[in-house]
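Data first, discussion second: the structure below is written as structure tokens.
We name chains A, B, ... by the order of the sequence lines, and we start the count at 1 in each one.
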Amino acid sequence: MTADDPERIEPRTLKGFRDYLPGQMIPRERIIDTARRVYRSYGFAPIDTPALEHLDVLTGKGGGETEKQLYKFQDAGGRWVGMRFDLTVPLARFAAQHLAELGTPFKRYHIATVWRGENVQRGRYREFMQADFDTIGTLSTAADVETALVIHDLFLALGFSEFTIRVNNRQVLTGLLQRLDLAGKAVEILRAIDKLGKMGPEKVQAEIVEVAGATADQAARVLSMVSLKGENGEVLRQLDGLVEGSETGQQGVSRLRDLLAAAIAAGVPKERIRLDVSIARGLDYYTGTIYETFLTALPGIGSVCSGGRYDNLAALFTSQQLPGVGASLGLDRLLAAMEELSMLPKSATPADVFIPFFDATRLHDYLRLAASLRQAGLGVELYPDPKKLGQQLSYADRRGFRFAVIVGGDEFAGGTCQLKDLADRSTATVSIAESVRPLVEEIRRRKSA
RNA sequence: GUGGCUGUAGCUCAGUUGGUUAGAGCGCCAGACUGUGGCUCUGGAUGUCGAGGGUUCGAGUCCCUUCAGCCACCCCA
């Protein structure tokens, strides 16, 4: 093939779809591992579902926005199929289909790729990964609390200390709207409220009047509630007054009060979990607690972990009432955030130890050494060509290896090796005559130091 | 889907009113240094100027289309 070969195909990826190089994939896998570990530590069990579903499963009763973003096509057999655009709808189908054998309460996590044909932006792609966890089959506030605790543990485990889980409860707003006779326009009003951070109160109020047909006075009252600021306890007290006379509203406030108290009792610092009456979440199926997680250093990127409680997950598929609560970690958005915050290590190798192929006649010895280090649990890469040592070390340095174990003629003769710490350029002579154990211990010691 | 900005070497960019063989820095490869990587010096390779079409004697430079990226709307992870 030549450069002007007309048959040559340009290598490229679809808009919004990306390749992941080792430098990106290593931290990505680390986030996945962390999420998995935290979810499992609470007893959430892994599941998976197909990427493709029957189209009607995904579209359900039809919803404007998601339907527009849905990737759909006819398969070879003429069936209409769609690619999942979130993990909640597949969970609903899954629950309706298998819950009889699983029983409730059922806690699952699901880390998988989803697809949305929407316009791309920083941290927003057409193919991205979500890491969901949900507890279904219970109405208990305990599950709501646990959801917040999982989010909290997760972000700590990921290396964040500056973040805020904002919580709210749909029932509070619903209660207020009932009192204002605006209950029928809840969806439009919620959507307007969701824009509060971006547009400011005046425009939101105008939108409520315009889109929901509310009077200026009604809109002002919605705004006054949604604009409540201050300590969690203070806001709760004010909400008590605002929802007075609405059973739903009172229940919402009461659940928020319980949730916050329990989360703080469980060790979440109060600055990391805040009642924020303005968060509403676009999705209409949330009926109770709502969660959004913001990074203090990067509020502009939006929520990196969102979720909430729903009354009836699988109404579309079964008459069985399935309440639940859960949240979704936006892995790719989070990764974009971490990259921007320089939280990603630059290493492009998953291994700790580099062994230069130094003495061209000793391949077998190098292979043996590498094997015994691996057996001790270390990741080891042996360079494939006996090039000059400087070049090999330069390669190791670029890749981000931490250690080089150098063994040449002198070392073979003396039964030793040189352990070189690429980070601080120091070297130490370690005996490997009897066993590699001293070497392994030295590496471990330096790693944890 | 709508609107704005951008697209030149692996990366960041320069490229004069359209004018012959398209440049820099960084990176990469090699050597100086036949057993030790971040410095220095020397040499070297690399471009369908995002793609396609048009205007022109002549286009990286102008026009149209298209693709991709960034930003806003929208929505959301």
Remember a base hit wins even if backbone is also touched, and classify [X] as base, sugar-phosphate or nothing at under 4.0 Å, heavy atoms.
X      : answer
A/D132 : nothing
A/R124 : base
A/G117 : nothing
A/E411 : base

- Scan for salt bridge (Lys or Arg N to Asp or Glu O under 4.0 Å) pairs involving residues 383-410 of chain A, sequence neighbours excluded, and state none if there are none. A/R402-A/D421

Check whether any side-chain nitrogen or oxygen of [X] sits under 4.0 Å from OP1 or OP2 of [N], and answer yes or no.
X      : N     : value
A/Q391 : B/A30 : yes
A/Q121 : B/A72 : yes
A/K388 : B/G31 : yes
A/R126 : B/C76 : no
A/K387 : B/A30 : yes

- Task: Using the salt bridge (charged side-chain N to carboxylate O under 4.0 Å, His left out) rule, pick out the option among A/R126, A/R28, A/R116, A/R124 that qualifies with A/D332.
- Result: A/R28

- Looking at A/F133, is A/R108 sitting on its ring face, NZ or CZ under 6.0 Å from the six-membered ring centre and within 45 degrees of the normal? no

- Are A/R166 and A/F294 in a cation-pi contact, defined as NZ or CZ under 6.0 Å from the six-membered ring centre and within 45° of the axis? yes

- When Watson-Crick pairs (N1 to N3 and N6-O4 or O6-N4) and G-U wobble pairs (N1-O2 and O6-N3) count only below 3.5 Å on both distances, what is the dot-bracket string of RNA chain B, with | for other-strand pairs? (((((((..((((.....[...)))).(((((.......))))).....(((((..]....))))))))))))....

- Message: One pair to check against side-chain contact (heavy atoms from CB on, under 4.5 Å): A/V407 and A/F412. What are the steps and the verdict?
- Response: CA-CA 6 Å; A/V407 199; A/F412 278 120; 3.8 Å; yes

- The nucleotide from B/C29, B/G35, B/G1 with an atom nearest the side chain of A/N119 is B/G1

